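None of these values were measured; they are calculated from a predicted model. All ligand and atom numbering here is 1-based and tracks the order in the structure.
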Amino acid sequence: MTISSFIPPQRTLMGPGPSDVSPRVLEALARPTIGHLDPEFIRMMEEMKTLLHYAFQTENALTLPVSAPGSAGMETCFVNLVEPGDKVVVCINGVFGGRMKQNVERCGATAVVVEDDWGNPVDIQKVEDALKQHPDTKIVAFVHAETSTGAQSDAEALVKLAHQHDCLAIVDAVTSLAGTPLKVDEWGIDAIYSGTQKCLSAPPGLSPVSFSERAAETIRNRKTAVQSWFLDLNLVMGYWGPAAKRAYHHTAPINNLYGLHEALVMLQEEGLENAWARHAYHHAALRAGIEAMGMGFVVDEAHRLPQLNAVTLPPGADDAEVRGRLLKDFSLEIGAGLGSLAGKVWRIGLMGHACNQRNVEFCLGALDTVLSEQKCDINAGVAVDAAQQFYANQPAAVKTA
Ligand SMILES: *Cc1c(COP(=O)(O)O)cnc(C)c1O
């Protein structure tokens, strides 16, 4: 048998990531591969750091894209900052907080878990109680935007609380970056990681990270070596540090970095505030359609992420069947529920390039068709109109698609 080229289907990606990648970014990925120490590549790396400073709203010198997906950014934060015997308060209100706990324990440290129900934000009072009970805590770790539930926690308040107790704060911003307000320096975040395939709309495989001077100092003064050779920032900085001293650490994913560079240029062109506003705007339109159908959201409005909508299944809906039909007949991907929400919710992403009017109307129309055919208990035939009504009433709110 001869295997020929792989041609993926054209999809509309409205799940929890990856999100639709813009043609501009796809084109950037296809540019010629050059050497990872080529002066032109090094120039691009310097621009990348400047662009990441803007996206994160930080001046942190230690800011770079880790050469692996968001999970590796998570691991980079933990293996560099946590040493055996340390105590870390880990907030768990969904899947990704649970992974933070595993990271802490694999570092030989103790995780003090603060748990909240899935769909709720992290309860600040509970974190404060844990910190009072464990005054020897070194770090507080939490997820800003829980992609498994669609809940956003108050990062600014949690970081402030951590600092009041002389702790560093590690923040997961994989889904929040470029989707909802995030201000690393203003909020004093010590260590942050994100991903490329959510609201930045670049392909997966890179994880932007940033560390405050205090966190960098903590890493330089470790008593033990970082157990991961690949993620040890003391070594990685030999490549991503000052341009004049750049030396081989690993071969950077050259073309993937072109893609991220282009996505960040696009973010800069749009403006962060405009990107945040665009996510809120199209979420409101999607919400109008979802609610017109008679469906609801898992998360209270006050803590709901615009870029990740956990929508409760209507009575009579067969989860896998609906998602299967959306993919097969509409080439539309939405996400399934995870953990305690499996089979109960759909996760509709409005991330980055995929967050636009066309997608909102397309997704509502497709859901309306499939749910009506399945004789689910919804108000049929009204969802798209409701979204269009919203757009007609708020025409000036956002200029970009
Ligand atoms: C997607 C995601 C991750 C993991 O990122 P990968 O790129 O899949 O490794 C971590 N945290 C959150 C909140 C995410 O949404």
Handout entry: Tyr391 and His282 aromatic centres sub-6.0 Å
Key =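 Ring-ring flag for Tyr391/His282: true, centres closer than 6.0 Å.
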
Handout entry: Neighbour list for ligand 1 [protein residues, heavy atom under 4.0 Å]
Key =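 Around ligand 1, where the cutoff is 4.0 Å for heavy atoms, the contacting residues are Pro69, Gly70, Ser71, Phe96, Val143, Ala145, Thr147, Asp172, Val174, Thr175, Gln197, Lys198.
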
Problem - Heavy atoms of other groups near Arg24 CZ, more than 12 under 6.0 Å - result: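 Enclosed.
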
Exercise for the section: Inspect the surroundings of NZ in Lys101 and state if more than 12 heavy atoms from other residues, nucleotides or ligands are less than 6.0 Å away. Expected result: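 At most 12 heavy atoms, drawn from other residues, nucleotides or ligands, come within 6.0 Å of this atom.
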
Handout entry: Partners passing side chain to side chain contact (heavy atoms under 4.5 Å, CB included) against Asp318 (at least two apart in sequence or in another chain)
Key =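 For Asp318, the residues satisfying side chain to side chain contact (heavy atoms under 4.5 Å, CB included) (neighbours in sequence not counted) are Ala320, Glu321, Gln374.
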
Exercise for the section: Before accepting this row, confirm whether a basic side-chain N of the pair Arg304/Glu301 lies closer than 4.0 Å to the acidic partner's carboxylate O. Expected result: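 Salt bridge between Arg304 and Glu301, a charged N being under 4.0 Å from a carboxylate O: no.
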
Problem - Among Leu158, Asp190, Leu168, side-chain contact (heavy atoms from CB on, under 4.5 Å) partner for His163 - result: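 Answer after filtering Leu158, Asp190, Leu168: Asp190.
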
